[in-house]
2 protein chains.
Amino acid sequence: MSANDSKRKGPGAPVSPSKSDRGSETRELILATAERLFAEHGVEAVSNRQVSEAAGQSNNFAVGYHFGTKDDLVLAIVRRHSESIERRRTDILAEITDSPDLRDWVSCVVRPMTEHLASLGTPTWYARFIAQVTTHPSLRELVINETISTRSMQQTIEGLFRLLPRLPEEVRQERSYMNRLMIVHMCAERERALHDGTATPRSSWEATATGLVDALVGVWLAPVTARR
Amino acid sequence: MSANDSKRKGPGAPVSPSKSDRGSETRELILATAERLFAEHGVEAVSNRQVSEAAGQSNNFAVGYHFGTKDDLVLAIVRRHSESIERRRTDILAEITDSPDLRDWVSCVVRPMTEHLASLGTPTWYARFIAQVTTHPSLRELVINETISTRSMQQTIEGLFRLLPRLPEEVRQERSYMNRLMIVHMCAERERALHDGTATPRSSWEATATGLVDALVGVWLAPVTARR
């Protein structure tokens, strides 16, 4: 709602929003609409034209005009959330510093996402959006790189890996996949259940995070069967 | 290829396939086409008409004629695979009988799926199909019930639960979700990578199963953080 706030400049401020206010309102509206449509139907099934229409834009090329390609649009949606997620992760890192407890580091992977989702209220679409884009053949790498390459995420991964037992490289990579898949799909499934009004095993995002951290510590520390 | 085999009835058999042979060939073709399209684009994005067209049916209502509703079509695809999966699970159950090793029971959840996928050669679509239908709001329950309600799966779940430490009901339910999500999405991700020719952490379905079983034993045995 920052676009609205910026209008409240006191009695002397113009009554109608400025052109750049309107531009940023339109961008916000397109991002929110695209996120919802992609979350519901998948990225492939939704055209830029459909996003423009659903966002109430009379110009069918509004998405292209404001964001460029679909890849650019998807990245813009990711970046709309990543600032809040990154800030939460930086805060947790400052708390745990060089903790010797693996749980703290797994927490630092999980909680920024669940806390961010909790902060958005209901309904959210971002968890399902991420589940959709990370199963898309070409967007998959783009989005995973974008979310993993942040400074706070890199520090978290380093801290976590430092505390792991020695793992064969293929197992470390496999468990990194599992770590991502479990967070993405448990969050997406919970988000979907909240939206549809169906049952969820846990009563809150906070409890969901606790369950995820418990399980992921289990995954990282699980004994490795030697290759036959 | 059973439709083809049934044609080979010796010298006296008719050269052109009988009407019921053609019917079952058409059904097979529609099932394979629908599975692939649903795997690639999601169930929502693909209409019965598109399936009929892609399966080369001149009649756009071929899907409806042979299978009824989309739900019926999805269930028919699941059942096309479940016989082989169920048979593998029954074989493993006969081997492990009342094994006291949790690993055997987790194996009995994981391996029937990975061995079935391995047996199909490349490319397969079934893992991605399952990932798509189990994220669909209404099909989700239908398909999960269908795959979980089999006799062999029920016996496996009983055997597995018998060996678990005491878990709060919400945690047991949550870990059941995780178990399913991890198998479904690790298999779907591997299948996608094989199809796209991108890297996979493990070199075979067999090794993928080993990694999944290791990790899932870790999930089931992970200590539970008490609720605050």
Side-chain angles (χ1 to χ4, degrees), chain A residues 40-42 44-46 103 128 131-132 134-138 140-141 168-182 184-186 188-190 192-193 195-196 198-203 206-208 210-228, chain B residues 40-46 103 128 131-132 134-138 140-141 169-182 184-186 188-190 192-193 195-196 198-203 206-208 210-228:
Chain A
E40 279 184 306
H41 307 293
E44 196 103 351
V46 179
R103 209 188 148 73
R128 282 168 289 175
Q132 293 278 11
T134 53
T135 53
H136 184 277
S138 66
R140 182 181 175 281
E141 220 182 319
E169 181 47 33
E170 59 179 17
V171 174
R172 199 168 82 158
Q173 202 193 327
E174 173 185 71
R175 292 185 179 181
S176 299
Y177 278 43
M178 290 171 172
N179 189 94
R180 172 175 51 77
L181 288 175
M182 197 115 102
V184 166
H185 293 287
M186 283 299 282
E189 196 150 288
R190 178 176 168 78
R192 193 175 303 116
H195 179 253
D196 298 345
T198 54
T200 56
R202 298 280 196 159
S203 59
E206 164 76 22
T208 303
T210 303
L212 267 169
V213 172
D214 284 350
L216 288 171
V217 168
V219 168
W220 285 113
L221 297 182
V224 176
T225 300
R227 294 184 70 164
R228 282 181 294 179
Chain B
E40 279 184 307
H41 307 293
V43 181
E44 197 103 351
V46 178
R103 208 186 149 75
R128 284 167 288 174
Q132 292 278 11
T134 53
T135 54
H136 185 278
S138 66
R140 182 181 175 281
E141 220 182 318
E169 182 46 34
E170 60 179 16
V171 174
R172 198 167 84 158
Q173 201 192 328
E174 174 184 71
R175 292 185 180 181
S176 300
Y177 278 43
M178 290 171 172
N179 188 96
R180 172 174 52 77
L181 288 175
M182 197 115 102
V184 166
H185 293 287
M186 284 299 283
E189 196 150 290
R190 177 174 169 79
R192 194 176 301 115
H195 180 251
D196 298 345
T198 55
T200 56
R202 298 282 195 157
S203 59
E206 164 77 22
T208 303
T210 303
L212 267 170
V213 173
D214 284 351
L216 288 172
V217 169
V219 168
W220 284 113
L221 297 182
V224 176
T225 301
R227 295 186 68 165
R228 281 181 295 183

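Letters go in sequence order (proteins before strands), and every chain restarts at 1.
Heavy atoms of A:Leu212 lying under 4.5 Å from chain B belong to its backbone as well as its side chain. Proximity to chain A (any heavy atom under 4.5 Å) is shown, for B:Val224, by both the backbone and the side chain. At a 4.5 Å heavy-atom cutoff, the contact between B:Arg180 and chain A is made by side-chain atoms alone. Neither the backbone nor the side chain of B:Ser176 comes within contact range of chain A; no heavy atoms are under 4.5 Å apart. Using a 4.5 Å cut-off between heavy atoms, B:Met178 touches chain A through backbone and side chain atoms alike. Residue contact with chain A, scored on non-hydrogen atoms closer than 4.5 Å, involves the side chain of B:Leu181 exclusively. For B:Arg175, the part lying under 4.5 angstrom from a heavy atom of chain A is the side chain only.
Each of B:Val171, B:Val217, B:Thr135 has some count of heavy-atom pairs under 4.5 Å with chain A, and the biggest count is that of B:Thr135. Of the residues considered (B:Glu169, B:Arg103, B:His136, B:Arg172), B:Arg103 shows the highest number of contacts with chain A, using heavy-atom pairs under 4.5 Å. Options B:Pro201, B:Ala207, B:Ala215 differ in how many heavy-atom pairs under 4.5 Å they form with chain A, and the most are formed by B:Pro201. Ranked by non-hydrogen atom pairs under 4.5 Å with chain A, the options B:Met186, B:Glu40, B:Glu44 are led by B:Met186.
Proximity of B:Glu189 to A:Arg140: side-chain heavy atoms (C-beta onward) are separated by under 4.5 Å at one or more points. A 4.5 Å side-chain heavy-atom check between A:Glu141 and B:Thr198 finds every atom pair outside the cut-off. Contact of the A:Met182 side chain with the B:Val219 side chain is registered, since non-hydrogen atoms from C-beta on lie closer than 4.5 Å.
Residues satisfying the side-chain contact (heavy atoms from CB on, under 4.5 Å) test with B:His195, not counting sequence neighbours, are B:Pro123, B:Trp125, B:Arg128. By the salt bridge (charged side-chain N to carboxylate O under 4.0 Å, His left out) test, A:Arg202 pairs with B:Glu170, B:Glu174, sequence neighbours left out.
The minimum heavy-atom distance between A:Ala222 and B:Asp214, with the atom names listed, is CB-O, 3.4 Å.
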